[in-house]
Novice: 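Got a structure for you, written out below as structure tokens; questions coming shortly.
Letters A, B, ... mirror the listed sequences (proteins, then strands); counts begin at 1.
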Protein chains: 4
Amino acid sequence: MPPIVSEEYKTKMKKKIMETAFVCFAEKGFQNATMDDIVKNSGMSKGAIYNYFKSKDEIYIELMEQKTKESIDKINENLSKFDLAEEKMRYLLNIYSHQIERNPDWQNLIRVHIEFWLQSSRDENLKSMLDDRMKNIYQKLIIDILELGKKNGEFPGNLDSKMISTLFWSIIDGISIYYGVMKDDYPYKQMVEKAGEMIMKELVKKN
Amino acid sequence: MPPIVSEEYKTKMKKKIMETAFVCFAEKGFQNATMDDIVKNSGMSKGAIYNYFKSKDEIYIELMEQKTKESIDKINENLSKFDLAEEKMRYLLNIYSHQIERNPDWQNLIRVHIEFWLQSSRDENLKSMLDDRMKNIYQKLIIDILELGKKNGEFPGNLDSKMISTLFWSIIDGISIYYGVMKDDYPYKQMVEKAGEMIMKELVKKN
Amino acid sequence: MPPIVSEEYKTKMKKKIMETAFVCFAEKGFQNATMDDIVKNSGMSKGAIYNYFKSKDEIYIELMEQKTKESIDKINENLSKFDLAEEKMRYLLNIYSHQIERNPDWQNLIRVHIEFWLQSSRDENLKSMLDDRMKNIYQKLIIDILELGKKNGEFPGNLDSKMISTLFWSIIDGISIYYGVMKDDYPYKQMVEKAGEMIMKELVKKN
Amino acid sequence: MPPIVSEEYKTKMKKKIMETAFVCFAEKGFQNATMDDIVKNSGMSKGAIYNYFKSKDEIYIELMEQKTKESIDKINENLSKFDLAEEKMRYLLNIYSHQIERNPDWQNLIRVHIEFWLQSSRDENLKSMLDDRMKNIYQKLIIDILELGKKNGEFPGNLDSKMISTLFWSIIDGISIYYGVMKDDYPYKQMVEKAGEMIMKELVKKN
DNA sequence: GATGAATGAGTCTTCATTCAT
DNA sequence: AATGAATGAAGACTCATTCAT
């Protein structure tokens, strides 16, 4: 009995499972959330879920991939509207500083992300997957902007793009993690703005 | 190793258990590391370990408290040798930038710390314990230095000490986390130095 | 024995578990009987049992509830066939005096019951559950008969129904407990008959 | 190194351990009370306790033996003061009906006794020990009085002493057990008095 | 494809007893 | 005799995954 259902149907089901899983992981953490939690919250049967995903791990991985893709796609799309590197950077910082307001799940997302990341450091497959993702997507995003800025003459020519881009994400993620853990005791927006100001100063200082 | 045993003996045993646990937690993570792992690696019996700690959680908590205390004590001790706020800040940054060399466990420590921190965000008791620790130890450390700098006239009088101290740790920890996860692919030292430079510029810029 | 299983199937499984548990509890006592005993004797897997009962305690409680219900239901059903209070009382006593012959498990049942009862005295929840059961089922059974007898003029009008009913069960249970513990060295039937005779004399003496 | 301490010292220590154990057993039940509880409450060391008793079971058994002996000795002593069988019986009933007031531990004692008794039904050694005790001490106590009464002409000559004595203890213990479990919701004194009245009527009725 | 009952290895924790000092 | 740290065999319970229908 080969597939009777459409590809869309399958996609829809996977999405439903992943969204439910996300809620469960956010609430309890990956390890503490059980398949039964996902079953209960999704309204699907255990067997059904295992039809779409081979394991709990797989749900996790695909979930993370999809969340990353979603966020990065939206950023990329909008980024192309700007011509100047400085504008692009400011736009990016602006997105992060408003992340709280535009994405109510963000705190949870961060927590799930970190947990995932942590796991990955103990699993060669995950680790290299994430390393790639980091280098080819996130770092590249910044590097491209910085290189554009250098080419445009906006940013100093001796700027170490790779280094700055690494630092950029270290800072943004550091702030985000604090926010994810500290919750609303933490002045997230103020932190992003101040950090952004400091970073921008590095880029446009030599004018 | 029998009854009527010295206080040192007991301390030594606790230390042995904690060190073993640290290795296990670092290797597998808190949740994945089992009491049996600790038993096996410590060479002690299960009952013996439970004589010293009521639960796996308790080992974790005491371990983290001790590691924090160790690090903060050493910092505080040395910090008092400097008179100028700027010197203190530079010393602190210097410590962190050399953390790798002076503390071979540091990568593991960071990973275990973050995992702990994450846990804490889902456990009210842990969370308030850590929040306190953060506010009263780490933040206070920086705030005191910044206030001294303001009093000395080294730093601008309108400096928002609390905000800067929060940002300081967000950045340092962001960098550390990347290092903990990325391992030796990450230019940890360079990151700390660059970030430190940026932070110092904020403090002493108005001269 | 797969999914989409009938309600009967589930009931049958629960019953199977409870019956196995009963045997184990009777043989070793509640505390000494282990889940592994029940697993082994039932031929089911541990997980399967935990699918039907949340805990060993829960098996115990449901088992006792069901046993109580069974016995009381049968009594009530037959009791309604008699019109006179005296006949009802004699019927009841008769049931108990023949308990041995009609219920081969009865000795075990008693032992398990007492153990349960003892436990209950140290657990507020259990205790109030049992107290309720005692008052609303067992005591009420007798009180209703005695009140009927008073209304009918069979029994003296100044009879303290509540007191007599409490005494009734104290005596019957005292005898049963001895039987449960002493086993076949104990003249159970003779005891119930003699005690019954003494009790009946209290009720119908004033004619 | 043979015994240095006197026999009295040893007896005193054993008594101390047993009294502590009694409190622990009463509070938590035999199984739930741990040797550590006894250690903590007695103020002695674990090794010391094991010097006086081979096992937890042994403490239990000796404790029960001693409690039984204490109670029976006191009864016997006073019983000899009376000449008439009826007086003896009334004295005995009187003791039980005042048990609550004169022995504040009595409720606990009962619970511990029943638990012990239950255990015994699953352990051949214990069982035969208790059966002996029952027959040779408790039953004999009543039988002797009844036989005296028959000889004196106080009680009917055709009285089945053995049967009545068995019933006597079944009723008294039934009432006691209810009291032990139900605690102060149970009209213990009233029950003993009423039951005693019923029993006495059996003995002296034919005059 | 869907269902959910069954599986059983794995987890933390307890505790009577031992024994070196 | 006394001490109390050490032992390790249980014990209750969990949960990712499988598979018969």
Novice: For B:Q119 and B:E115, does a side-chain donor sit closer than 3.5 Å to a side-chain acceptor?
Specialist: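 There is no such pair (donor and acceptor under 3.5 Å, judged by atom type) between the side chains of B:Q119 and B:E115.
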Novice: Which of these, C:F30, C:F25, C:Y60, sits in a ring pair (Phe, Tyr, Trp, His ring centres under 6.0 Å) with C:F116?
Specialist: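 The single option meeting the ring pair (Phe, Tyr, Trp, His ring centres under 6.0 Å) with C:F116 is C:Y60.
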Novice: Using a heavy-atom cut-off of under 4.0 Å over every strand shown, decide if A:F53 touches base, sugar-phosphate, or nothing.
Specialist: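 Here A:F53 touches no strand at all.
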Novice: Does OP1 or OP2 of E:dG4 have a side-chain N or O of C:Y9 closer than 4.0 Å?
Specialist: no
Novice: Only counting residues at least two apart or in another chain, list the ones meeting side-chain contact (heavy atoms from CB on, under 4.5 Å) with B:K28.
Specialist: B:N32, B:A33, B:D37
Novice: Is a side-chain donor or acceptor of D:R122 paired with a backbone partner of C:A26 at a separation under 3.5 angstrom?
Specialist: yes
Novice: Looking at the side chain of B:Y50, which of F:dA16, F:dA2, E:dC12 is the nearest nucleotide?
Specialist: E:dC12
Novice: Scan residues 17-40 of chain A against DNA chain F and write down, sorted by residue number, each residue with any heavy atom closer than 4.0 Å; if none is found, say none.
Specialist: A:A33, A:T34, A:M35
Novice: Distance check, rounded to the nearest 0.5 Å: D:I17 atom CD1 versus D:N51 atom CG?
Specialist: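 One gets 8.5 Å once the value is rounded to the nearest 0.5 Å.
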Novice: Quick one: on DNA chain F, does D:G43 or B:N51 contact a more 5' nucleotide (nearest heavy atom)?
Specialist: D:G43
Novice: Runs of at least three consecutive Watson-Crick or G-U pairs, both distances under 3.5 Å, are what I'm after; which ones involve DNA chain F?
Specialist: E:2-21 with F:2-21
Novice: Please state how far atom NZ in B:K10 lies from atom C1' in F:dA5, giving the value in whole angstrom units.
Specialist: 9 Å
Novice: Does C:K127 have any side chain to side chain donor-acceptor pair (under 3.5 Å) partners at least two apart in sequence or in another chain, and if so, which?
Specialist: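 Checked C:K127 against side chain to side chain donor-acceptor pair (under 3.5 Å); matches are C:D131.
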Novice: Measure the distance from CE on B:M44 to P on F:dT7 and round it to the nearest whole Å.
Specialist: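 For the pair B:M44 CE and F:dT7 P, the rounded distance is 7 Å.
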Novice: If the threshold is 4.0 Å, N to carboxylate O, is there a salt bridge linking D:K67 and D:E19?
Specialist: yes
Novice: Please report the interatomic distance CE(C:M35) to CZ(C:F53), rounded to the nearest 0.5 Å.
Specialist: 9.0 Å
Novice: Once you round to the nearest 0.5 Å, how far does NE2 of B:H113 lie from OG of B:S120?
Specialist: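 So the NE2 of B:H113 and the OG of B:S120 are separated by 11.5 Å.
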Novice: Contact list please: residues 54-64 of chain B against DNA chain F, heavy atoms, distance less than 4.0 Å, in numerical order.
Specialist: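 Nothing qualifies; none.
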Novice: Just to confirm, is there a sub-4.0 Å distance from OP1 or OP2 of F:dA6 to any side-chain nitrogen or oxygen of B:Y52?
Specialist: yes
Novice: Within this structure, what is the CD1-CD1 distance for the pair B:I114 and A:I114, rounded to the nearest 0.5 Å?
Specialist: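 Result: 8.0 Å between the selected atoms.
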Novice: Look at A:S45 and E:dT3 and indicate whether a side-chain polar atom (N or O) is within less than 4.0 Å of OP1 or OP2.
Specialist: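 Yes.
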Novice: Provide, to the nearest angstrom, the distance between the NZ atom belonging to D:K46 and the C1' atom belonging to F:dG4.
Specialist: 8 Å
Novice: According to side chain to side chain donor-acceptor pair (under 3.5 Å), who are the partners of B:E62, at least two apart in sequence or on a separate chain?
Specialist: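 Side chain to side chain donor-acceptor pair (under 3.5 Å) check on B:E62 returns B:K14.
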Novice: Could you give the NZ-to-P distance, from C:K14 to E:dA5, as a whole number of Å?
Specialist: 12 Å
